Amino acid sequence: MDMPRLGQGTWNMGDDPARRKEELAALREGIALGMTLIDTAEMYGDGRAESLVAEAISGMRGKVFLVTKVLPSNASRKGVARACEASLKRLKTDRVELYLLHWSGSHPLAETVRGFEDLLAAGKIRAWGVSNLDLREMQQLVALPGGGACAANQLLYNLQRRGIEFDLLPWSQRQGIPVMAYSPVEQGRILGNRVLGQVARRLDATPARVALAWVLRQAGVVAIPKAGTVSHVRDNRAALDLELDAQSLAALDAEFAPPRRARPLEML
Ligand SMILES: NC(=O)c1ccc[n+]([C@@H]2O[C@H](COP(=O)([O-])OP(=O)(O)OC[C@H]3O[C@@H](n4cnc5c(N)ncnc54)[C@H](OP(=O)(O)O)[C@@H]3O)[C@@H](O)[C@H]2O)c1
């Protein structure tokens, strides 16, 4: 299954019983609208987000491109196997489409890659990747035996966090490694921006839609907004049909300046 360009995040979902029904409805609506990539992690709510995802995709597993992540503290060769088994159990499935190292920690990347290769051979994951790795770490990773199989790097990327455009994004594009843009609407913080609002009004769109279309304008970039309501999911889906014209892009560049030099990788 190819990786869909627009997916759904699940951080902070599944924590509040009062919101559960609406969150399940939102995820299901997203799948129905083609946002079939669901991004979760063992970390989110200590497994509660994975359990929510299991319920949301019940009866639709075949349609879903499931992504989950192993914590760096579990990323030894044996730890990866144990963590994946626990995630599969919570997700009520026998495999995930993509398994990511959440960020790099004390276990050597070479060991984590061996753990991923064991899982590939056992059919428990279809592909593996990483998250929050900077350019130097990515160069080290692809130079490792088997490292070239890395299928994604999930990174903080939105209008206000453009640092990767300087070097890591073009490098990833050249390597053919998809970038999964997380927090693509900066957790809602950029949505009140004046210029973003002006661009949205001119295009008869919403700020969230413009912010997502802006992330998706780049080749090889996938976006995974988190939405806890059906109306936000529908709005996000509409970003796939919105093309930003030169005037909008120029206005956004003037407000959210592109990087002029290398910067340390930002993460949330
Ligand atoms: N790999 C990593 O280290 C990492 C780090 C952070 C996030 N992630 C992943 O990326 C996903 C997305 O990032 P995120 O959750 O941090 O932030 P985000 O997707 O940028 O923002 C989520 C916030 O935006 C609101 N929102 C979404 N769509 C909207 C719309 N159309 N109109 C108005 N508000 C809207 C949501 O509100 P409602 O909930 O009310 O809809 C929520 O408060 C996460 O859920 C997670 O799966 C990965």
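None of the values given here were measured: they were computed from a predicted structure. In each ligand, atom 1 is the first atom listed, and ligand 1 is the first ligand listed. Count residues from 1 along the sequence.
Residue-ligand proximity, H102 to ligand 1, at heavy-atom distances under 4.0 Å covers atoms 1 (N), 2 (C), 3 (O). The ligand atoms of ligand 1 that sit less than 4.0 angstrom from a heavy atom of Q154 are 1 (N), 2 (C), 4 (C), 8 (N), 9 (C), 48 (C). Atom numbering of ligand 1 starts at 1 in the shown order; those under 4.0 Å from a heavy atom of Y182 are 1 (N), 2 (C), 3 (O), 4 (C), 5 (C), 6 (C), 7 (C), 8 (N), 9 (C), 10 (O), 48 (C). Of all the atoms in ligand 1, the ones that sit under 4.0 Å from a non-hydrogen atom of P225 are 19 (O). Every atom of ligand 1 is numbered from 1 in the order shown, and the set under 4.0 Å from a heavy atom of A208 is 30 (C), 31 (N), 32 (N). Ligand 1 places these atoms under 4.0 Å from at least one heavy atom of G228: 38 (P), 39 (O), 41 (O).
Proximity of W103 to ligand 1, defined as any heavy-atom pair under 4.0 Å, is not found for any part of the residue. Of the heavy atoms in S131, only side-chain atoms (C-beta onward) come closer than 4.0 Å to ligand 1. Counting heavy atoms under 4.0 Å from ligand 1, residue N12 does not touch it at all. The backbone and the side chain of V185 each have at least one atom closer than 4.0 Å to an atom of ligand 1 (non-hydrogen atoms only). Residue-level proximity to ligand 1 for E186 is carried by the backbone, the only part with a heavy atom below 4.0 angstrom. With a 4.0 Å cut-off on non-hydrogen atoms, A26 does not touch ligand 1 at all. Of the heavy atoms in N132, only side-chain atoms (C-beta onward) come closer than 4.0 Å to ligand 1.
Under 4.0 Å is where a charged nitrogen must lie from a carboxylate oxygen, and between R162 and D253 at least one such pair does. Between E55 and R48 there is no salt bridge, since no side-chain N of the basic residue sits under 4.0 Å from a carboxylate O of the acidic one. Salt bridge annotation for K89-E50: absent, with no cationic side-chain nitrogen under 4.0 angstrom from a carboxylate oxygen.
K226 O, 4.1 Å is the protein heavy atom nearest to atom 25 (C) of ligand 1. The nearest heavy-atom contact from the protein to atom 45 (O) of ligand 1 is W11 N, 2.9 Å. Counting only heavy atoms of the protein, atom 31 (N) of ligand 1 lies nearest to N236 OD1, 2.8 Å. Considering only non-hydrogen protein atoms, atom 46 (C) of ligand 1 sits nearest to Y44 OH, 3.4 Å. The protein non-hydrogen atom at the shortest distance from atom 11 (C) of ligand 1 is I224 O, 3.2 Å. With respect to atom 47 (O) of ligand 1, the closest heavy atom belonging to the protein is D39 OD2, 2.6 Å. When hydrogens are left out, the protein atom nearest atom 14 (P) of ligand 1 is S183 OG, 3.6 Å; that is the closest non-hydrogen contact.
Summarising the geometry, atom CD belonging to E29 is positioned 11.5 Å from atom CG belonging to N236; distances are rounded to the nearest 0.5 Å.
For the residue pair E42 / S87, no side-chain donor-acceptor distance below 3.5 Å is found, with atom types taken as modelled. Side-chain polar atoms of D39 and Q154 form a donor-acceptor pair below 3.5 angstrom.
Residues passing the side chain to side chain contact (heavy atoms under 4.5 Å, CB included) test with A262, sequence neighbours excluded: F166, D167.
For the pairing with E137, the side-chain contact (heavy atoms from CB on, under 4.5 Å) check across L133, L135, L141 returns one residue only, L133.
Considering each of L191, I190, L101, the one bringing a non-hydrogen atom nearest atom 34 (N) of ligand 1 is L191. The option from H232, M180, Q8, Q187 that lies nearest to atom 35 (C) of ligand 1, judged by heavy atoms, is H232.
Distances between N or O atoms of K69 and those of ligand 1 include no value under 3.5 Å. Remark: ligand 1 and T40 share no N or O pair separated by less than 3.5 Å (distance only, no angle test).
Environment of CG in D204: sparse, with no more than 12 heavy atoms of neighbouring residues, nucleotides or ligands closer than 6.0 Å.
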Inset, instruction - Would you sort out whether R77 and H107 count as a side-chain contact (heavy atoms from CB on, under 4.5 Å), showing the intermediate values? - result: CA-CA 9 Å; R77 183 173 183 173; H107 293 291; over 6 Å; no
Inset, instruction - Apply side-chain contact (heavy atoms from CB on, under 4.5 Å) to V221 and L169, showing your working. - result: CA-CA 9 Å; V221 175; L169 179 58; 3.7 Å; yes
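Ring pair Y44/H102 is perpendicular by interplanar angle, where above 60° counts as perpendicular and below 30° as parallel.
L71 places a side-chain heavy atom less than 4.5 Å from the side chain of W103.
Residues P4 and V222 approach most closely at O-CG1, 3.5 Å, considering heavy atoms.
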